Amino acid sequence: MKESDQSIFKNQSLYIIFSVTLVSVMGVASITPAFPSIIKYFQITTQQVGWLIAAFTLPGIFLTPVMGILADRVGRKVILIPSLFLFGLAGFSCVFVRDFEFLLGLRFIQGIGASSLATINLTLIGDIFTGEKRVAAMGYNASVLSIGTASYPSIGGLLSVSAWYYVFVLPLLAIPLGIFVYFGLNNPEPKNGLRLKTYFANVWLAVNKPVVWGLFFSNILLFFILYGSYLTYFPILLEERFNADSVVIGGAMSVMSLVTAVTSSQLSNINRLMSGRNLLLLATSFYFISMLLISNAYGWGFIITGIMVFGFGHGILIPTIQTMLVGLSSIQERAAFMSLNSMVLRIGQTIGPLLVGLFYAFGGMQASFLGGASVAVVMFLIILFLVRKSTMD
């Protein structure tokens, strides 16, 4: 580990950012192993269970930019703390619900609380760190996120063995975190005395660049694959083809996240070997290969290989996009800028399960992953022609 990488761990705010990251990914990763049980309990279809993800991610499409603007204008903490409390209370309330429509409503409210989390944590990294420290911090943050997505399926699988609703106990952890943010987060707040017209003009100048649009579109398509093919249909594939229970499903999904975590933790070293643009092209190639392997997997060897290749791509792509984006704006409009990125990825999160559901409806399980492979090809072409800027400083 380089000295610059070591020094970032002396900043206690980094650990709070990591905790926010873990909460931000909890809302989906922890519940997907319970999908087969939820389908049976509520007597719903495979396509309908995807609404549990869509209801959670939908508010972010509309509210994330608002939260970003407010975080720039009134401060990061003022938005972050209430968001954590709402996320925790609405998520825990799902434990007591036995009506699917009511469950979707609480997931929607929980999604309101979640709408600022994935924006503010990245914004804080951009505010606190610069240069190589920022690249390292982004890589480690992505690694922590992956550790969460590795752990939550296993935890969710174990919890749902007894009953599907136990997975909704986990959001309670967001409440003590909100208290830690209040007392422990030491971050610079933007001194934003600009008139709103000037502020919005600056945000637009930062956004309206080919490299930014290319990264935004790539993020949408990335989450088509992640939330559509992988998080929604991969658990169902394991049950259909291998008769896997929730514990096995959670363990298999954890393999991908662990590979992602290790890969992301090495981003600062990988970045010295390749430009940011070439890293993105490599990662999308990994996505394509993994989707092909999983679509044709009828043995555990192909499954494990496919999800490991997916993990390599994911571990490179996510922190590389985040680092490139956070460096393209100043602290005065960084939260709004990053919130637009969160908004577009929410579009991918929301539409992904529904779009891949159409592939599934017309072509079955194999088609849901071949559709993911097609999306990876489109991502490759967008990066090739639009993302000309390679720096990650």
Side-chain angles (χ1 to χ4, degrees), residues 28-29 32-37 39 46-47 49-50 53 146-147 149-154 156-158 160 221-264 266 279-318 348 352-353 355-380:
V28 173
T32 52
F35 275 6
S37 299
I39 290 171
T46 299
Q47 288 89 340
V49 78
I53 295 177
S146 298
I147 291 170
T149 56
S151 303
Y152 288 138
S154 296
L158 290 170
S160 61
L221 297 179
L222 154 64
F223 282 89
F224 273 28
I225 298 173
L226 179 63
Y227 277 65
S229 298
Y230 182 71
L231 285 175
T232 301
Y233 285 92
F234 185 67
I236 300 169
L237 177 146
L238 292 182
E239 185 192 39
E240 287 186 359
R241 292 186 183 177
F242 300 93
N243 197 29
D245 60 22
S246 58
V247 175
V248 174
I249 292 170
M253 296 178 77
S254 295
V255 172
M256 186 282 283
S257 297
L258 289 172
V259 173
T260 299
V262 173
T263 306
S264 297
Q266 299 303 309
L279 286 175
L280 296 179
L281 292 173
L282 176 65
T284 53
S285 300
F286 283 148
Y287 280 143
F288 175 77
I289 294 168
S290 69
M291 290 294 101
L292 291 182
L293 287 170
I294 294 172
S295 69
N296 294 287
Y298 289 90
W300 280 105
F302 277 94
I303 286 289
I304 298 300
T305 302
I307 58 180
M308 288 184 68
V309 172
F310 190 96
F312 288 131
H314 207 54
I316 294 171
L317 191 75
I318 290 288
L355 176 66
V356 176
L358 294 177
F359 283 103
Y360 178 85
F362 285 106
M365 186 60 68
Q366 188 175 39
S368 65
F369 290 93
L370 291 177
S374 301
V375 171
V377 172
V378 177
M379 285 176 62
F380 186 94

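Everything numeric in this text was worked out from a predicted model, so none of it was measured.
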Seminar exercise, completed: side chain to side chain donor-acceptor pair (under 3.5 Å) filter on Tyr360, not counting sequence neighbours, yields Glu240
Exercise. For Asn296, what residues pass the side chain to side chain donor-acceptor pair (under 3.5 Å) criterion, not counting sequence neighbours?
Worked result: Gln366
Could you state the interatomic distance from [atom1] ([X]) to [atom2] ([Y]), rounded to the nearest 0.5 Å?
X: Met253; Y: Thr32; atom1: CE; atom2: OG1; value: 4.0 Å
X: Phe380; Y: Leu282; atom1: CZ; atom2: CG; value: 9.5 Å
X: Leu221; Y: Leu226; atom1: CG; atom2: CG; value: 12.5 Å
X: Leu258; Y: Ile147; atom1: CG; atom2: CD1; value: 8.0 Å
X: Ile39; Y: Ile236; atom1: CD1; atom2: CD1; value: 4.5 Å

Taking side chain as C-beta onward, heavy atoms only, is [X] less than 4.5 Å from [Y]?
X: Phe242; Y: Val248; answer: no
X: Phe35; Y: Ile249; answer: no
X: Met291; Y: Val375; answer: no

Problem set entry | Test side-chain contact (heavy atoms from CB on, under 4.5 Å) applied to Leu292 and Leu370, step by step | CA-CA 6 Å; Leu292 291 182; Leu370 291 177; 3.8 Å; yes
Problem set entry | Ser368 side chain vs Ser229 backbone, donor-acceptor pair below 3.5 Å | no
Of the non-hydrogen atoms in [X] and [Y], which two are nearest, and what is the gap between them?
X: Ser160; Y: Ala34; answer: CB-CB, 3.7 Å
X: Leu237; Y: Ile294; answer: CD1-O, 4.0 Å
X: Thr284; Y: Leu317; answer: CG2-CD1, 4.4 Å
X: Pro36; Y: Glu239; answer: CB-OE2, 3.7 Å
X: Ala252; Y: Ile307; answer: O-CD1, 3.1 Å
X: Val356; Y: Phe224; answer: CG2-O, 4.0 Å

Exercise. Hey, mind stepping through Phe312 and Val259 against side-chain contact (heavy atoms from CB on, under 4.5 Å) and telling me if it holds?
Worked result: CA-CA 6 Å; Phe312 288 131; Val259 173; 3.6 Å; yes
For this session: Determine, step by step, whether Val255 and Met308 satisfy the side-chain contact (heavy atoms from CB on, under 4.5 Å) criterion, reporting the C-alpha distance in whole Å, the side-chain angles of both residues, the deciding distance to 0.1 Å, and the verdict.
Result: CA-CA 7 Å; Val255 172; Met308 288 184 68; 3.9 Å; yes
Exercise. Do you know which of Phe234, Tyr227, Tyr233 makes ring pair (Phe, Tyr, Trp, His ring centres under 6.0 Å) with Tyr230?
Worked result: Phe234
Exercise. Between Tyr287 and Phe310, is the ring centre distance below 6.0 Å?
Worked result: yes
For this session: For side-chain contact (heavy atoms from CB on, under 4.5 Å), just list the numbers for Leu222 and His314, CA-CA rounded to whole Å, side-chain angles, deciding distance to a tenth of an Å, and then say yes or no.
Result: CA-CA 9 Å; Leu222 154 64; His314 207 54; 3.8 Å; yes
